[in-house]
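Data first, discussion second: the structure below is written as structure tokens.
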Amino acid sequence: MNVKAIMCDIDGTLLSSKGVVTAKTVEMIKKAREKGILFGLSTGRDVNSIQTLLKTWGIDGLVDMIVGTGGAEIYDYTLDIAKAQFPLDGRLIKDIVKHYEDMDCNFAIPEDGILFAPKDDEHIQMLSKADRVPYQVVDYDEFLQNPKPKLIIICKPEDMDKIIERSKTFHSDEFKSSSLKTASVLYEYMDPRVSKTAGLIEILKLHHIDLKEIVTFGDADNDYDMTLNAGVGVVMANGSEKTKSVADYITDDNDHDGIGNYIEKFILGE
């Protein structure tokens, strides 16, 4: 396979549990780019917050393109093109929040590199600290006058099953939405047309690259479609069973150079 681009999920995939990219993986990304292979990120995080953290993660200057907010946003460094598509209507988000209001959870909307929450509690503090993204408490009635990229529900891991169960009874006659668990403590709502695959198609078009010419790396359920549709879908050893079920290859975990080892052996070693 002639690999033209490598696209990586961030949390649990590219970042180690220490919140950085391992030295070996950085080295292999550099070598792949020297061979003319594009390197990009495909993540649930929003583009703005990613851009502020590239230096912290140790990959500043190595990223050619970003698929952000689970596929709702793209940004291309080589061409300086930014696009956003398919936001959720503010009224729909209000209805979703109401549907969960009696549960022990909080909500976050990522926009402009900030997590906007309706209240301050341990849930939003935990997410802000873990993702190194600042948060602001705002009045959702005011804030949701305009459409927003997506809605994140934050809960304790032991409450996730209840959140998933509750999601089955949410319905809107007016708006369509899809939802899925994206981490042990995160459950997200977005427009049904939003997916990492849709974002990848959009950004790869700019470079005349087909999905079948890329290698993707992921770990969680929201990497399932990208893993399934890529030329080669690689999943981390620490990945979810659902996403592993469609992987072409399972590599080492995110603390043991999973991405670097794969690039060295199968992309540079060809």
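A quick note: this is a predicted structure, and the numbers were derived from the prediction, not measured.
Under the 4.5 Å side-chain criterion, counting only non-hydrogen atoms from C-beta, Thr251 is in contact with Met236. With a 4.5 Å cut-off on side-chain heavy atoms, Leu15 and Asn254 do not count as touching. With contacts defined as side-chain heavy-atom distances shorter than 4.5 Å, the pair Arg33/Leu62 qualifies. Leu204 places none of its side-chain heavy atoms less than 4.5 Å from the side chain of Ile201. Contact annotation: the side chain of Lys35 approaches that of Leu268 to within less than 4.5 Å [non-hydrogen atoms, C-beta and beyond]. Using a 4.5 Å cut-off on side-chain heavy atoms (C-beta onward), Glu165 and Lys168 make contact. Contact check for Asn261 versus Met28: no side-chain heavy atoms found under the 4.5 Å cut-off. Annotation: side chain of Ile50 is in contact with side chain of Trp57 (closest heavy-atom distance under 4.5 Å).
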Chi angles and distances behind the side chain to side chain donor-acceptor pair (under 3.5 Å) call for Asn48, Tyr75: CA-CA 9 Å; Asn48 196 303; Tyr75 181 72; over 6 Å; no
Stepwise side chain to side chain donor-acceptor pair (under 3.5 Å) check, Thr197 with Asn229: CA-CA 7 Å; Thr197 300; Asn229 293 310; 3.1 Å; yes
side-chain contact (heavy atoms from CB on, under 4.5 Å) between Asp131 and Arg45, intermediate numbers included: CA-CA 9 Å; Asp131 281 3; Arg45 291 176 181 250; 3.4 Å; yes
Criterion salt bridge (charged side-chain N to carboxylate O under 4.0 Å, His left out) on Lys156 and Glu122, from CA distance to verdict: CA-CA 10 Å; Lys156 292 179 182 145; Glu122 62 184 11; 3.6 Å; yes
Worked check of side chain to side chain donor-acceptor pair (under 3.5 Å) between Asp255 and Ser17: CA-CA 6 Å; Asp255 283 330; Ser17 52; 2.8 Å; yes
CA sep, side-chain torsions, deciding dist, call: Ile124, Leu115, side-chain contact (heavy atoms from CB on, under 4.5 Å): CA-CA 8 Å; Ile124 188 67; Leu115 295 166; 4.2 Å; yes
Step-by-step salt bridge (charged side-chain N to carboxylate O under 4.0 Å, His left out) determination, Arg166 to Asp159: CA-CA 11 Å; Arg166 179 66 64 91; Asp159 292 333; over 6 Å; no
Worked verdict on Leu92 versus Lys176 for side-chain contact (heavy atoms from CB on, under 4.5 Å): CA-CA 9 Å; Leu92 171 64; Lys176 287 188 167 68; over 6 Å; no
Candidate pair Phe217 and Met7, rule side-chain contact (heavy atoms from CB on, under 4.5 Å), full reasoning: CA-CA 6 Å; Phe217 292 89; Met7 298 297 294; over 6 Å; no
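Note on Lys24 versus Asp257: no salt bridge recorded, every NZ/NE/NH1/NH2 to OD/OE distance being 4.0 Å or above. One finds no salt bridge joining Lys31 and Glu264 here, because no Lys/Arg side-chain nitrogen approaches an Asp/Glu carboxylate oxygen to under 4.0 Å. Using a cut-off of 4.0 Å between Lys/Arg side-chain N and Asp/Glu carboxylate O, Glu73 and Lys83 are scored as not salt-bridged. The existence of a salt bridge linking Lys181 and Asp161 is excluded, since no basic side-chain nitrogen approaches an acidic carboxylate oxygen closer than 4.0 Å.
When Glu158, Lys162, His123 are each tested for a side-chain contact (heavy atoms from CB on, under 4.5 Å) with Asp104, only one passes: His123. When Val47, Ile109, Asp191 are each tested for a side-chain contact (heavy atoms from CB on, under 4.5 Å) with Pro149, only one passes: Ile109. No option in Asp225, Asp223, Asp221 other than Asp223 meets the salt bridge (Lys or Arg N to Asp or Glu O under 4.0 Å) test with Lys196.
Of the possible polar contacts, none joining the Ser49 side chain to the Gly113 backbone as a donor-acceptor pair under 3.5 Å is found. In terms of modelled atom types and a separation under 3.5 Å, the side chain of Lys244 and the main chain of Ala237 share a donor-acceptor contact. No donor-acceptor pair closer than 3.5 Å links the side chain of Asp46 to the backbone N or O of Thr69. Checking side-chain atoms of Asn106 against main-chain N and O of Asp120 turns up no donor-acceptor pair under 3.5 Å. Formation of a donor-acceptor pair under 3.5 Å by the Asp64 side chain with backbone atoms of Phe39 is found in this model. Proximity of a side-chain donor or acceptor of Lys150 to a complementary backbone N or O of Gly44 within less than 3.5 Å is detected.
Across every non-hydrogen atom of Tyr187 and Ser179, the tightest pair is OH-OG, 2.8 Å. Across all their heavy atoms, Thr56 and Thr52 have their closest contact at OG1-O, 4.5 Å. Taking all atoms of both residues into account, the shortest heavy-atom contact from Val194 to Gly70 is CG1-O, 3.4 Å. Scanning all heavy atoms of the two residues, the minimum distance from Met1 to Glu213 falls at CE-C, 3.5 Å. Residues Tyr140 and Ala117 approach most closely at CE1-C, 3.6 Å, considering heavy atoms. For the residue pair Asp219 and Asp11, the shortest heavy atom distance occurs at OD1-O, 3.2 Å.
The closest side-chain donor-acceptor pair between Thr169 and His99 falls under 3.5 angstrom. Under the 3.5 Å distance criterion, with hydrogens and angles disregarded, no donor-acceptor pair is assigned to the side chains of Thr182 and Asn222. Under the 3.5 Å distance criterion, with hydrogens and angles disregarded, a donor-acceptor pair is assigned to the side chains of Ser240 and Thr243. Asp252 and Tyr262 form no side-chain donor-acceptor contact under 3.5 Å, judged by distance and modelled atom types alone. Between the side chains of Asp9 and Ser42, no donor-acceptor pair of N or O atoms lies under 3.5 Å. A side-chain donor-acceptor contact under 3.5 Å links Asp76 and His207.
A distance of 5.0 Å separates CG in Leu38 from CD1 in Ile209, rounded to the nearest 0.5 Å. Once rounded to the nearest 0.5 Å, the distance linking CD1 of Ile154 with CE of Met160 reads 10.5 Å. Expressed to the nearest 0.5 Å, how far OH of Tyr100 lies from OG of Ser167 amounts to 4.5 Å.
Other residues, nucleotides and ligands place no more than 12 heavy atoms under 6.0 Å from the NZ atom of Lys30.
The hydrophobic clustering, which links ILVMFWY residues whose side-chain heavy atoms are closer than 4.5 Å, places Leu186 and Leu180 apart. A chain of hydrophobic side-chain contacts below 4.5 Å, direct or via other Ile, Leu, Val, Met, Phe, Trp or Tyr residues, connects Met226 to Met65. Hydrophobic cluster membership is shared by Val138 and Tyr189, with clusters built from Ile, Leu, Val, Met, Phe, Trp and Tyr side chains linked at under 4.5 angstrom. Following chains of ILVMFWY side-chain contacts shorter than 4.5 Å, one cannot reach Val234 starting from Val246, and the two form parts of different hydrophobic clusters. The hydrophobic clustering, which links ILVMFWY residues whose side-chain heavy atoms are closer than 4.5 Å, places Ile259 and Val235 apart.
Cation-pi check for Lys242 over Tyr224 is met; the charged atom lies under 6.0 angstrom from the ring centroid and within 45 degrees of its normal.
Aromatic rings of Tyr249 and Phe266 (six-membered ring for Trp) have centroids within the 6.0 Å cut-off, being under it. For Phe143 and Phe116, the ring centers sit closer than 6.0 Å to each other.
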